[in-house]
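These figures come from a predicted structure and were not determined experimentally.
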Amino acid sequence: MSKRITIDPITRIEGHLRVDVEVDNGAVSNAWASCTMWRGIERILLGRDPREAWLFTQRFCGVCTTVHAMASVRSVEDALKLEIPLNAQYIRNLILLAHGLHDHIVHFYHLSALDWIDVLDIPKADPAKTSALAESLSPWTHNSKNEMKAAQDKVKAVAASGQLGIFTNGYWGHPQMKVPPEVSLLGFSHYVQALEFQRKANQIVAMLGSKTPHIQNLTVGGVANAINLDSQATMNMDRLVMIKTLFDEVKTFVQQVYVPDVCAVAAMYPDWFHIGSGVTDYMAVPDLPLDSRGTQFDLPGGYLMGGKMVAFKNHADQIFREGVTEDVAHAYYQGKKPLHPWKGETEPEFTDFQADGKYTWVKAPRFQGKPMQVGPLAQVLIGYMQGHTLTKKWTDAALDKIASIGGRRPAISDLHSTMGRHAARAIRAAMFSELAEKHWQLLVNNIAKGDVATHNQPEFPTGEVMGVGTHEAPRGTLSHWVVVDDAKIKNYQGVVPSTWNASPRDQAGNHGPYEASLLRTPIANPELPLEVIRTIHSFDPCLACACHTFDPSGKKVATVKVL
């Protein structure tokens with residue numbers, strides 16, 4: 001019997017994503033990803049000064065604010081062909097690295113780990129066995145029996161109160177929860193510890209960006225950070241050393257806790273390396289520029305389509321600039337044909353949810369006419385195929401770790417999966433933890449040469465210029481497209497990672513990555529659709545909790561909540 005499941009909203013932060021699936025014979029036969037909110041910031045920007053666009057665009061999101069600010073200033077700088085000082089590049093890079101580390105730690109521990117461990121099994125765990133397991137995985141100093149016992153006591157106290165608080169609506173006891181109680185205790189202990197280390201990463205963002213969320217230090221042309229090693233009111237060695245200390249602490253947590261924990265979960269759920277594949281064409285853009293012109297990068301980019309790898313030369317490679325369009329055939333916008341972002345329109349046309357018509361506020365981005373998966377998995381696969389040293393180092397290390405725990409080493413092809421996305425995000429965090437140290441040293445070395453410049457003044461020509469600013473954000477390829485006419489914004493479009501991944505069908509009927517990844521997913525119990533939630537969470541959308549189950553006629557048969 002066919003059943004329709006509606007999960008709305010589906011994740012743990014912002015409640016803007018609805019996912020509908022049809023289940024036939026115990027597996028997903030069809031899927032719809034529907035964004036249920038419209039902001040319209042692109043329209044707010046029309047006619048404004050391009051130098052202030054970044055202050056508005058970081059309000060696209062309450063979580064990934066920094067990345068939109070960065071892509072925005074880069075778009076205007078690209079339009080003006082404006083170079084920025086080396087110090088500004090390095091400061092921006094450090095902000096982005098800290099933000100990425102914060103985001104990845106939060107995603108695994110606080111937004112998706114509870115999809116894989118059973119909180120109500122924790123009282124059954126033996127803290128001594130949990131400690132022994134943890135110490136076999138890494139030398140992390142907070143894996144003692146006493147630490148595990150303290151974490152267990154917290155759960156016992158909450159359970160004894162009869163009020164589980166934030167854990168109330170978890171799918172505890174679900175048949176897909178397959179780890180022993182000791183692993184659940186280990187995961188929860190590190191869940192609590194992770195709160196401190198994501199804070200340390202975010203503290204770096206605030207120190208460099210003046211505040212977070214919504215940093216205040218960017219300029220079109222660089223950053224507003226003053227550098228004077230003799231002044232307590234500016235960036236000096238005391239502040240730089242504090243930033244380095246925080247990065248070192250986060251690096252230790254990522255390499256000794258985050259990566260081993262993901263590898264342990266992956267080893268205990270090997271079947272999830274064969275679920276959730278979907279779209280296997282990928283795209284990433286180069287990032288972490290190493291020169292003032294943005295021609296050299298520490299992270300490679302390109303696209304992987306039909307198994308063929310093509311590298312991007314720079315952040316605004318001509319192939320990328322010409323290849324992106326957005327389709328609105330199934331989105332709540334006016335329009336008949338796909339448009340390039342520089343010609344993009346954002347005119348709302350709401351129709352309510354129509355499975356065969358318009359059903360989402362997300363457009364359908366396409367690259368050379370095809371849906372593309374973006375995110376850490378795209379970055380890892382593209383970097384690995386290009387022989388990028390740091391990508392190969394941490395990918396091979398993670399796969400070896402999984403093999404040492406579970407006895408089988410996943411192949412690179414196994415990363416096309418729900419579990420592969422989690423592994424790739426941990427790999428990327430480990431890479432960031434090393435790159436942060438490198439870019440901190442680059443900044444210090446450049447200042448030591450006597451260079452304290454942080455800003456180049458922009459000059460706007462008369463007439464029309466166009467630019468694109470890109471960033472490889474925590475959730476994938478982000479691009480902001482601006483058209484400037486006589487120093488005023490004539491058009492502005494943001495093509496963001498979740499637009500690529502949460503894309504609806506296009507006019508040819510092709511599913512976006514979320515939708516495609518759910519097809520053929522086995523569902524043990526349609527009233528407890530944990531399997532759907534696991535795959536959607538692996539993309540890291542920012543959304544929150546409650547779902548409803550429907551039969552094909554639309555009659556409500558059950559109400560389901562997700563933590």
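Between Asn143 atom CG and Leu133 atom CG the span is 9.0 Å, to the nearest 0.5 Å. Here the straight-line distance linking atom CG of Leu399 with atom CD1 of Ile412 works out to 5.0 Å at 0.5 Å rounding. Going from atom CD1 of Ile536 over to atom CD1 of Ile7 covers 8.0 Å, rounded to the nearest 0.5 Å.
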Trace of the ring-ring contact (aromatic ring centres under 6.0 Å, His included) decision for Trp440 with Phe247: CA-CA 9 Å; Trp440 181 89; Phe247 267 129; 9.1 Å; no
Leu288 and His439: CA distance, side-chain angles, deciding distance, side chain to side chain contact (heavy atoms under 4.5 Å, CB included) verdict: CA-CA 9 Å; Leu288 301 184; His439 283 258; 4.1 Å; yes
Chi angles and distances behind the ring-ring contact (aromatic ring centres under 6.0 Å, His included) call for His471, His315: CA-CA 8 Å; His471 166 50; His315 76 284; over 10 Å; no
Val155/Val119 under side chain to side chain contact (heavy atoms under 4.5 Å, CB included): CA gap, chis, key distance, verdict: CA-CA 8 Å; Val155 175; Val119 168; 4.0 Å; yes
Evaluation steps, salt bridge (charged side-chain N to carboxylate O under 4.0 Å, His left out), between Asp103 and Arg475: CA-CA 9 Å; Asp103 191 281; Arg475 290 160 184 81; 2.8 Å; yes
Verdict with reasoning, Thr470 to Thr477, per side chain to side chain contact (heavy atoms under 4.5 Å, CB included): CA-CA 7 Å; Thr470 65; Thr477 299; 5.7 Å; no
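Nearest heavy-atom pair, Cys35 versus Thr360, reported as atom, atom and distance to 0.1 Å: N-OG1, 2.8 Å. Contact record, Gln256 with Pro260: O-CG, 3.4 Å, taken as the closest heavy-atom pair. Residues His422 and Trp116 approach most closely at NE2-NE1, 3.8 Å, considering heavy atoms. Residue Gly383 comes nearest to Pro300 through the heavy atom pair CA-CG, 3.9 Å, listed as atom of the first residue, atom of the second, then distance. A pairwise comparison of heavy atoms in His537 and Ser112 identifies CB-CB, 4.2 Å as the closest pair.
The environment of Arg408 atom CZ is dense: over 12 non-hydrogen atoms of other residues, nucleotides or ligands sit within 6.0 angstrom. The environment of Lys154 atom NZ is sparse: at most 12 non-hydrogen atoms of other residues, nucleotides or ligands sit within 6.0 angstrom. Within 6.0 Å of the CE atom in Met309, the count of heavy atoms belonging to other residues, nucleotides or ligands exceeds 12. Annotation: Lys244, atom NZ; neighbour count of heavy atoms from other residues, nucleotides and ligands within 6.0 Å is above 12.
For the pair Asp126 (side chain) and Glu182 (backbone), a donor-acceptor distance under 3.5 Å is absent. A side-chain donor-acceptor contact under 3.5 Å links Asp287 to the backbone of Glu472. Without hydrogens or angle criteria, Thr130 side chain to Met148 main chain gives no donor-acceptor distance under 3.5 Å. The backbone N or O of Ile215 sits nowhere less than 3.5 Å from a side-chain atom of Thr212 that would complete a donor-acceptor pair. The closest donor-acceptor contact from the side chain of Trp172 to the backbone of Phe167 lies under 3.5 Å. At distances below 3.5 Å, at least one donor-acceptor pair connects side-chain atoms of Asn93 with backbone N or O atoms of Gln89.
Of the charged side-chain nitrogens involved, at least one lies within less than 4.0 Å of a carboxylate oxygen, so that Glu437 and Lys251 count as a salt-bridged pair. Taking the charged nitrogens against the carboxylate oxygens, Asp540 and Arg421 have no contact shorter than 4.0 Å, which rules out a salt bridge. In this structure, Asp396 pairs ionically with Arg409, as a charged nitrogen and a carboxylate oxygen lie closer than 4.0 Å. For Arg199 and Glu196, the salt-bridge test passes: some basic side-chain N is under 4.0 Å from an acidic carboxylate O.
Residues passing the salt bridge (charged side-chain N to carboxylate O under 4.0 Å, His left out) test with Asp261: none are found, sequence neighbours excluded.
Checked by atom type, the side-chain pair Gln193/Trp140 shows a donor-acceptor distance below 3.5 Å.
Annotation: Tyr303 is not in aromatic contact with Tyr282 [ring centroid separation under 6.0 Å not met].
With Phe108 as the fixed residue, the ring-ring contact (aromatic ring centres under 6.0 Å, His included) test singles out one of Tyr258, Phe253, Phe197: Tyr258.
Below 30°, between 30° and 60°, or above 60°: for Tyr191 and Phe188 the angle between ring planes is below 30°, a parallel geometry.
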